[in-house]
Amino acid sequence: MEQVRVGIIGVGSIATGVHIPQLLKVKEAKITAICDIDEARLQKAGEELAIPAAKRYVNYMDLINDEEVDAVEVCTPNYLHVPISVAVLKAGKHLNVEKPLSIDYESVKPLEEALKECDLDKQIAMTCFSYRFRPAVRYAKWIIEQGMLGQIVNASVEYLKDSAFVAGRRLEWRFVKELAGTGVLGDLGVHLIDMTRLLLGDFKSLTGHTEILVKERLKLDGSEMGKVETDDYCSFIALLENDVTANFTISRCAIGEKNTIRYDIYGTEGVISFDLNNPDVLGVCVGKIDAEGNGMHTVQVPARFNVLQEQTFIDAILGEKKEYFPDVREAIECQKILSAIQKSDETRTWVTL
Ligand SMILES: NC(=O)c1ccc[n+]([C@@H]2O[C@H](COP(=O)([O-])OP(=O)(O)OC[C@H]3O[C@@H](n4cnc5c(N)ncnc54)[C@H](O)[C@@H]3O)[C@@H](O)[C@H]2O)c1
């Protein structure tokens with residue numbers, strides 16, 4: 001069987017928590033090289049995966065140029081996604097890059113240029129919009145496509161965490177504007193933006209507001225306090241295609257919430273609701289029988305909606321692009337929306353896309 005040889009750049013939380021465990025389940029994939037500037041992390045991941053010492057790189061260009069790497073996963077902090085992705089595409093390799101795509105829309109331009117030179121049917125360029133792969137999201141999409149909700153009127157969306165309050169959390173890259181771009185807006189909010197574009201359609205205009213609650217944190221070297229530059233919480237309202245209104249609340253200051261996404265969609269003939277702490281069930285109230293009798297109740301998501309992110313990447317490389325494939329061009333559109341929200345926050349105005 002043909003095996004795709006995968007290299008991973010950045011072996012931090014998301015690589016070791018999601019990419020690597022999932023890739024190990026994909027029989028058509030083999031991790032052949034890894035890269036990290038943190039020597040301890042590099043060696044630990046190398047030992048666990050039994051990667052030969054010569055294939056544990058510190059410089060990402062060495063991994064990209066490795067002839068035994070066909071596809072590259074980019075799992076570094078946000079500011080590196082575009083330069084690394086451009087290098088991957090120019091080397092003719094397949095790309096799976098983490099979200100958000102960059103720190104702002106301006107910085108995405110070199111990637112837009114590089115993509116023009118690629119045949120994206122043959123050279124795969126994917127973004128890790130992980131929540132597209134949750135069964136409840138895919139089932140919700142199918143229900144909407146069947147027209148079961150009638151005309152969609154509005155949606156209410158929340159992404160809540162309490163991670164701002166983790167004791168002793170230092171001024172890591174997520175709190176530094178030139179490394180992260182935004183705080184929860186890009187980190188968590190981009191998932192909601194992507195899901196909304198997938199489920200309900202594109203954004204026409206919006207207004208947003210962001211705040212920083214914890215203003216200072218101890219620098220990584222412990223020497224002194226440094227300023228937190230990225231948002232801890234934010235809200236925005238968006239007008240979508242077909243006059244759908246969507247309200248968003250995103251926070252890392254929500255006490256008691258570890259990683260909660262709640263999504264309610266209201267139509268003229270039905271309501272659906274999911275909470276991604278329970279991704280295998282969907283809340284529904286669809287049609288007259290439910291509206292007048294059952295009310296809101298949960299249904300099990302059919303097994304056919306179970307899809308794995310990393311399997312999707314490898315299948316695409318091997319010639320089978322699955323439904324709702326998160327093409328990197330979708331991430332560019334999301335980056336435009338993130339920048340529009342930042343602009344609205346700065347200018348205190350509605351911004352048209
Ligand atoms: N899809 C999701 O649901 C999801 C969830 C969490 C994080 N992420 C994204 O994944 C990315 C990484 O997040 P994380 O939480 O794993 O961060 P992290 O800090 O835990 O890991 C990042 C790793 O990149 C390494 N790195 C930094 N500069 C490098 C360089 N020049 N070359 C090679 N390696 C380098 C760091 O040493 C670190 O090990 C971010 O863009 C984040 O937004 C996505």
Side-chain angles (χ1 to χ4, degrees), residues 7-23 33-46 48 55-66 69 72-88 95-104 107-108 111 126-134 137 159 161 163 166 169-195 220 230-231 250 252 258-261 276-277 279 308-310 312-313 326 328 330-331 334-335 338:
I8 301 174
I9 303 178
V11 284
S13 311
I14 196 66
T16 55
V18 174
H19 291 249
I20 292 171
Q22 285 199 13
L23 279 168
I34 56 173
C35 167
D36 205 297
I37 52 167
D38 183 321
E39 189 71 30
R41 280 188 184 178
L42 180 67
Q43 298 312 338
K44 183 167 184 286
E48 283 168 9
K55 301 283 181 182
R56 300 177 194 174
Y57 297 109
V58 176
N59 182 331
Y60 65 74
M61 284 310 300
D62 291 338
L63 181 141
I64 292 169
N65 291 327
D66 185 328
V69 168
V72 179
E73 307 252 0
V74 184
C75 302
T76 59
N78 306 345
Y79 76 104
L80 288 166
H81 293 174
V82 167
I84 297 178
S85 298
V86 168
V88 170
L95 168 74
N96 187 20
V97 57
E98 267 301 345
K99 48 44 67 178
L101 194 51
S102 193
I103 53 172
D104 55 26
S107 60
V108 172
L111 181 58
M126 174 172 144
T127 306
C128 305
F129 282 138
S130 316
Y131 293 101
R132 279 187 180 220
F133 297 96
R134 295 293 196 273
V137 178
Y159 197 149
K161 283 186 155 200
S163 57
V166 170
R169 197 166 177 194
R170 294 201 177 181
L171 195 72
E172 62 195 54
W173 65 265
R174 279 190 167 80
F175 301 113
V176 181
K177 193 166 181 179
E178 66 173 1
L179 306 181
T182 60
V184 291
L185 173 59
D187 194 19
L188 313 179
V190 77
H191 284 298
L192 306 184
I193 292 169
D194 175 61
M195 273 190 279
L220 287 182
T230 62
D231 50 289
I250 305 144
R252 58 184 168 210
K258 297 302 168 206
N259 195 44
T260 294
I261 296 180
L276 291 185
N277 285 319
L308 210 61
Q309 174 180 292
E310 295 305 316
T312 299
F313 179 48
V328 79
E330 306 273 342
C334 290
Q335 195 72 49
L338 291 176

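Just follow the structure's listing: the first ligand is 1, and inside any ligand the first atom is 1.
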Can you check which of [options] brings a heavy atom nearest to [atom]?
| atom | options | value |
| --- | --- | --- |
| atom 33 (C) of ligand 1 | L179, D36, N59, L63 | D36 |
| atom 26 (N) of ligand 1 | I34, L42, I37 | I37 |
| atom 13 (O) of ligand 1 | Q309, H191, R174 | R174 |
| atom 11 (C) of ligand 1 | T76, L80, T127 | T76 |
| atom 6 (C) of ligand 1 | I14, L101, I9 | I14 |

In the protein, which heavy atom is nearest to [atom], and how far is it?
| atom | value |
| --- | --- |
| atom 38 (C) of ligand 1 | R41 NH1, 3.0 Å |
| atom 1 (N) of ligand 1 | S130 OG, 2.8 Å |
| atom 27 (C) of ligand 1 | P77 CD, 3.5 Å |
| atom 41 (O) of ligand 1 | N78 OD1, 2.7 Å |
| atom 21 (O) of ligand 1 | G12 CA, 3.3 Å |
| atom 9 (C) of ligand 1 | K99 O, 3.5 Å |
| atom 22 (C) of ligand 1 | C75 O, 3.6 Å |

Do E98 and ligand 1 have an N or O pair less than 3.5 Å apart? yes
Is there a polar contact between ligand 1 and C128, counting only N or O atoms under 3.5 Å apart? yes
Ligand 1 atoms nearer than 4.0 angstrom to some heavy atom of H81 are 41 (O)
Check: For ligand 1, is G17 a contact, meaning one of its heavy atoms is under 4.0 Å away?
Finding: no
* Would W173 count as a contact of ligand 1 if the rule is a heavy atom under 4.0 Å away? -> yes
The residue among N59, I64, D66 that forms side chain to side chain contact (heavy atoms under 4.5 Å, CB included) with D62 is N59
Which of R174, K161, R252 passes salt bridge (Lys or Arg N to Asp or Glu O under 4.0 Å) with D187? It is R174
